[in-house]
Amino acid sequence: MATTTADRRMIKLAMSAPYLEREEEQALAHAWKDDKDQEARNRIAMAHMRLVVSMAGKFRNFGLPLGDLVQEGYIGLLEAAARFEPERQVRFSTYASWWIRASIQDYVLRNWSIVRGGTSSAQKALFFNLRRLRARLARGDTYLTSEAMHQEIAATIGVSTADVRTMDARLSSSDISLQAPISSADGEGSNRLEFLTSDAPLPDEQAEGSIDGERRRHWLHSALDQLNEREMKIIRARRLAENGATLEELGTLLGISKERVRQIENRALEKLKAVLISKTMDFAHA
């Protein structure tokens, strides 16, 4: 991605900021922490803008403007300046690096694709390290197939091979709008949305299915009305319940043998069949 004039000015300004000696850095950090001296905090942040620019440059391969990456890194830098504890005797650059990187990574994840990805720490590590690991494996002495490469990366980062395969596919292509125009042979304009297929039934099929379904439910209720109380109880327990009862269970419940239960069930099914066939024939000749 080309560096704009504004980006070059920003980089030049960052690189021209004076370095801070350890003692001066400690004094400014104490002034901010103890006295809430905003100027002290700003001086610490400005002295480390070159660190922001350097880290932002490492994320330029994701296709986002350098200026935006630097701005996000600066937000992380200010957060680090606000939280820095000088009594720990750690250089501010060491502490701030984590906050700068985290801020830029979050920005990249939010803006690289319209599809949110990398929600867990392992997924984030996969997102930012996949290309580097794949390039390193490709430079090795041993030829690896794509699947073997995915397995190596999965083992290194601690994710599933399926996650690596999915992320690799996402990083290999960019988002495509469904409204993007497609030119046709006859010159008529169309877009990708018009070419998407749906597995759902057509509207007339849905209407027909709804009507037929209601008709079948009515026929079934009519057929069930022809059963006596014992037949209804057996059919409900054996055929209409989610977990059908066994013949032995119903025999114990009704005080009859399981063979008698089977006979009653068969008789009830014959009744239902006769009524349903009658309904179907009447409908066919209507």
Side-chain angles (χ1 to χ4, degrees), residues 109-110 113-123 126 147 150 154 159-170 173 175-182 184-186 188-286:
L109 287 172
R110 284 186 283 108
S113 170
I114 59 175
V115 180
R116 189 73 165 95
T119 53
S120 67
S121 58
Q123 285 288 318
L126 175 61
E147 184 62 23
H150 290 162
V159 296
S160 68
T161 306
D163 286 341
V164 177
R165 195 181 300 117
T166 301
M167 188 66 74
D168 195 12
R170 290 187 59 199
S173 60
D175 296 332
I176 300 177
S177 172
L178 293 178
Q179 301 299 329
I182 299 177
S184 57
D186 55 10
E188 294 185 1
S190 57
N191 57 49
R192 296 180 183 275
L193 185 61
E194 298 174 9
F195 292 90
L196 290 180
T197 60
S198 173
D199 296 330
L202 296 174
D204 57 336
E205 294 174 339
Q206 293 181 18
E208 182 180 351
S210 177
I211 294 172
D212 288 345
E214 183 61 33
R215 184 184 298 117
R216 294 190 189 98
R217 283 191 293 273
H218 177 70
W219 288 353
L220 180 59
H221 283 299
S222 297
L224 290 173
D225 288 341
Q226 304 302 313
L227 305 180
N228 60 41
E229 182 178 353
R230 178 179 284 185
E231 291 170 342
M232 176 67 77
K233 183 175 294 186
I234 292 175
I235 289 297
R236 286 189 183 280
R238 290 276 292 162
R239 303 288 176 168
L240 302 181
E242 183 175 353
N243 297 315
T246 65
L247 295 173
E248 187 173 0
E249 290 172 342
L250 284 174
T252 301
L253 179 65
L254 299 174
I256 56 180
S257 68
K258 65 178 183 180
E259 176 61 23
R260 181 55 181 160
V261 174
R262 186 186 63 78
Q263 293 173 357
I264 296 174
E265 180 185 19
N266 289 339
R267 184 179 65 196
L269 291 174
E270 288 297 326
K271 284 185 180 181
L272 293 176
K273 181 178 178 181
V275 174
L276 292 175
I277 290 176
S278 174
K279 294 288 185 181
T280 303
M281 295 297 293
D282 290 345
F283 176 75
H285 292 91

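Computed from a predicted model, the values in this text were never measured in an experiment. Residue numbers start at 1 and run along the sequence shown.
Evaluation of the salt bridge (Lys or Arg N to Asp or Glu O under 4.0 Å) rule for E248 yields no partner, not counting sequence neighbours.
For the side chain to side chain contact (heavy atoms under 4.5 Å, CB included) with K258, the qualifying choice from T252, T246, L247 is L247, the only one to do so. The only option from I234, V275, I264, L272 that meets the side chain to side chain contact (heavy atoms under 4.5 Å, CB included) definition with L227 turns out to be L272.
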>> What verdict does the side chain to side chain contact (heavy atoms under 4.5 Å, CB included) test give for H221 and H218, after you've listed the backbone C-alpha separation in whole Å, the side-chain angles of each residue and the deciding distance to 0.1 Å?
In response: CA-CA 5 Å; H221 283 299; H218 177 70; 5.7 Å; no
>> I256 vs R230, test: side chain to side chain contact (heavy atoms under 4.5 Å, CB included). Steps then yes/no.
In response: CA-CA 11 Å; I256 56 180; R230 178 179 284 185; 4.2 Å; yes
> Under the side chain to side chain contact (heavy atoms under 4.5 Å, CB included) criterion, do L250 and E265 qualify, and how do the steps go?
Replying inline: CA-CA 11 Å; L250 284 174; E265 180 185 19; over 6 Å; no
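Taking a 6.0 Å sphere around NZ of K271, one finds it holds more than 12 heavy atoms contributed by other residues, nucleotides or ligands. Within a 6.0 Å radius of CZ in R267, more than 12 heavy atoms belonging to other residues, nucleotides or ligands are found. Within 6.0 Å of CD in E229 there are 12 or fewer heavy atoms belonging to other residues, nucleotides or ligands.
Taking the side chain as every heavy atom from C-beta outward, L276 and R216 never approach each other to under 4.5 Å.
Closest approach of A268 to E231, counting heavy atoms only: CB-CB, 3.9 Å.
Under 4.0 Å is where a charged nitrogen must lie from a carboxylate oxygen, and between R217 and E214 at least one such pair does.
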